[in-house]
There are 2 protein chains.
Amino acid sequence: MTDDEQRRPVTTAATSLGILERLKSGGSMGPTGLASELGLAKSTVHRHLKTLEREGFVVPDDDGYRVGLRLLDFGIYARDQHQLYEVAKPKLDELAEQTGEKVWCVTEEQGRGFHLYGAAGAHSVRTPAREGTRSYLHQLAAGKAILSAFPDERVRDIVDRHGLPAKTPKTITAPDALFEELATIRERGFALNREEIVPKLHAVGVAVTDNEGHPVGAISISGPSNRLRGDRLTGDLADLLLGAANEVEINLNFS
Amino acid sequence: MTDDEQRRPVTTAATSLGILERLKSGGSMGPTGLASELGLAKSTVHRHLKTLEREGFVVPDDDGYRVGLRLLDFGIYARDQHQLYEVAKPKLDELAEQTGEKVWCVTEEQGRGFHLYGAAGAHSVRTPAREGTRSYLHQLAAGKAILSAFPDERVRDIVDRHGLPAKTPKTITAPDALFEELATIRERGFALNREEIVPKLHAVGVAVTDNEGHPVGAISISGPSNRLRGDRLTGDLADLLLGAANEVEINLNFS
DNA sequence: AAATCTTGTTCGAACAGTTCGAACGAGGGT
DNA sequence: ACCCTCGTTCGAACTGTTCGAACAAGATTT
């Protein structure tokens with residue numbers, strides 16, 4: 001299933017999607033700016049924008065065009081369809097209330113982690129993560145928990161495909177170190193993240209698996225490193241997460 | 001700005017987007033099913049799907065392909081970019097807590113209403129609305145509040161473009177009735193919805209405008225008709241909403 | 001267990017559509 | 001009042017897309 005290269009992509013559609021991505025990463029823009037950044041003719045970009053606008057995927061703006069809310073419609077649909085979301089959500093709210101920290105629910109798609117839902121506790125801190133955010137699995141506690149539930153072969157495919165880019169000096173960047181870490185996670189049941197994605201940010205993560213042992217995602221608790229450390233991190237919080245994940249798994253298999 | 005028809009749409013991109021929409025409205029599907037429903041060759045659909053998959057917009061599934069979580073990434077981005085969202089959100093949470101009902105924040109795009117964020121109170125009921133949902137403005141309390149803040153000419157454009165489709169027997173379907181209602185809303189400051197979109201569901205809505213008087217959206221409270229009626233609906237709740245909208249407006253104009 | 005559907009996938013060739021660049025019109029800035 | 005930049009339109013060359021047929025793989029049936 002790991003096709004390296006696509007034989008005959010629909011380049012026209014890819015161009016439209018590229019415009020969409022540029023509007024997301026670069027903010028609002030007009031045809032001229034997009035054309036020069038994407039290396040296309042102004043008229044070409046213009047035509048694409050008009051087509052995207054007709055479907056509501058982009059919308060006119062003071063600075064040109066921006067991504068439209070039609071995408072929120074699609075995105076929320078995608079999330080609601082996901083089996084993990086509806087089952088995990090109430091439990092996450094509960095965990096956030098109990099711990100006061102930020103609690104996330106993450107799932108894997110195409111070898112990347114997607115933040116499905118985040119519940120904010122009373123003392124939760126701001127992090128770069130939002131709902132919908134796509135991250136590298138090896139940079140997340142929840143992501144490493146997911147990886148630990150995959151067979152090694154699958155992990156190797158993911159590493160081959162996406163690499164192990166670093167976010168901080170503590171990010172795991174060596175495949176060997178990753179596999180070692182995954183073995184540890186499998187033993188103790190939960191994953192840890194100590195400033196591997198954001199300095200001063202720690203997290204615990206536990207995988208949620210279906211009744212065949214395949215991960216459908218993971219849940220995690222994250223917070224400032226001086227609050228999430230020692231016994232609280234590897235004891236209380238980890239236990240809490242393990243129990244929650246277990247509950248979710250049971251509810252998952254009867255729905 | 002109300003271009004009736006597009007001169008030269010990028011039909012290839014439109015095909016891809018059509019596939020995406022079909023996957024959303026019809027659920028997961030494979031190339032064969034999509035091809036027959038969209039009137040395309042199997043091989044064509046296959047190529048589009050592969051391209052969409054490469055960008056994460058669709059993802060393989062047990063039943064073929066489904067819309068991918070990449071769209072959640074885009075959608076949440078679109079929402080976070082929206083000026084109204086970040087300002088209104090905390091206020092909505094507060095209102096939901098106070099009233100116990102479901103509180104929504106809606107904005108307009110291309111003449112349609114988009115549910116940006118919904119806060120659930122303790123007694124809030126389930127409705128078809130989710131975040132991201134696109135609705136007809138005339139079917140919503142918040143939508144009518146938005147329309148009431150538009151110049152008549154703009155409202156006429158929107159009615160011409162989208163019509164006034166009915167959801168229940170009480171939905172406004174005549175332009176004259178709509179304009180009459182909008183005049184009433186302008187006078188008293190808030191909009192009402194009495195079973196115009198869902199039977200037994202009532203709502204109050206108030207527009208949020210910028211310092212030039214243009215609506216950036218609206219906020220609403222909705223709930224069962226026997227709880228949202230009489231003085232509570234047009235008195236307490238309406239007042240609460242008016243105050244909240246006012247607060248949001250002030251915060252909006254200084255950010 | 002063999003056979004027969006159906007499904008996802010690949011390929012070539014004809015065709016249709018997209019791309020580019022130049023030119024037009026409009027708006028803002030100097 | 002001028003100029004510059006932006007969004008928009010148009011025609012023609014050409015590139016990319018579409019279709020249908022054929023293949024492979026899996027599931028279901030007999």
Distance, rounded to the nearest Å, where [X] contributes [atom1] and [N] contributes [atom2]:
{"X": "D63(B)", "N": "dG8(C)", "atom1": "CG", "atom2": "C1'", "answer": "14 Å"}
{"X": "D62(A)", "N": "dC6(D)", "atom1": "CG", "atom2": "C1'", "answer": "15 Å"}
{"X": "L38(B)", "N": "dC19(D)", "atom1": "CG", "atom2": "P", "answer": "11 Å"}
{"X": "L49(B)", "N": "dT10(C)", "atom1": "CG", "atom2": "P", "answer": "13 Å"}
{"X": "R47(B)", "N": "dG20(D)", "atom1": "CZ", "atom2": "C1'", "answer": "14 Å"}
{"X": "L52(B)", "N": "dG8(C)", "atom1": "CG", "atom2": "P", "answer": "16 Å"}
{"X": "L34(A)", "N": "dG7(D)", "atom1": "CG", "atom2": "C1'", "answer": "12 Å"}
{"X": "M29(B)", "N": "dT6(C)", "atom1": "CE", "atom2": "C1'", "answer": "15 Å"}

Distance below 4.0 Å between [X] side-chain N/O and [N] OP1 or OP2:
{"X": "H46(B)", "N": "dT7(C)", "answer": "no"}
{"X": "T32(B)", "N": "dG8(C)", "answer": "yes"}
{"X": "K50(A)", "N": "dT9(D)", "answer": "no"}
{"X": "H48(B)", "N": "dT18(D)", "answer": "yes"}

### Task
Using the salt bridge (charged side-chain N to carboxylate O under 4.0 Å, His left out) rule, take E181(B) and K144(B) through it: C-alpha gap first, then chi angles, then the decisive distance, then the call.
CA-CA 8 Å; E181(B) 171 105 2; K144(B) 291 192 289 181; 2.8 Å; yes

### Message
Here's a test of your reading of the structure: between T12(B) and K42(A), which maps to the more 5' nucleotide of DNA chain D?
### Response
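With T12(B) and K42(A) compared, the 5'-side residue is K42(A).
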
### Earlier contact from the 5' end, DNA chain D, for T11(A) and G30(A)
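First, find each residue's nearest nucleotide; the 5'-ward one identifies G30(A).
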
### Task
Answer yes or no: side-chain N or O of S43(A) and base N or O of dG21(C) forming a donor-acceptor pair under 3.5 Å.
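Answer is yes: a donor-acceptor pair is held.
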
### Task
Measure from NZ or CZ of R156(B) to the centre of the six-membered ring of F179(B), then state whether that distance is under 6.0 Å and the direction lies within 45° of the axis.
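Pair R156(B)/F179(B) counts as cation-pi.
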
### Task
Assess R79(B) against Y117(B): is NZ or CZ under 6.0 Å from the centre of the six-membered ring, and within 45 degrees of the ring's axis?
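Geometry flag: not set, cation outside 6.0 Å or 45°.
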
### Task
Compute whether any side-chain donor of one residue and acceptor of the other, for T15(B) and H48(B), lie under 3.5 angstrom apart.
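No donor-acceptor contact under 3.5 Å links the two side chains.
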
### Task
Return the orientation label for the F74(B) and F57(B) ring planes: parallel under 30°, perpendicular over 60°, tilted otherwise.
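Taking F57(B) first and then F74(B), their aromatic rings sit tilted (interplane angle of 30° to 60°).
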
### Of the listed nucleotides dC20(C), dT8(D), dC19(D), the one nearest the side chain of L40(A)
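Comparing dC20(C), dT8(D), dC19(D) against the side chain of L40(A), the answer is dC20(C).
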
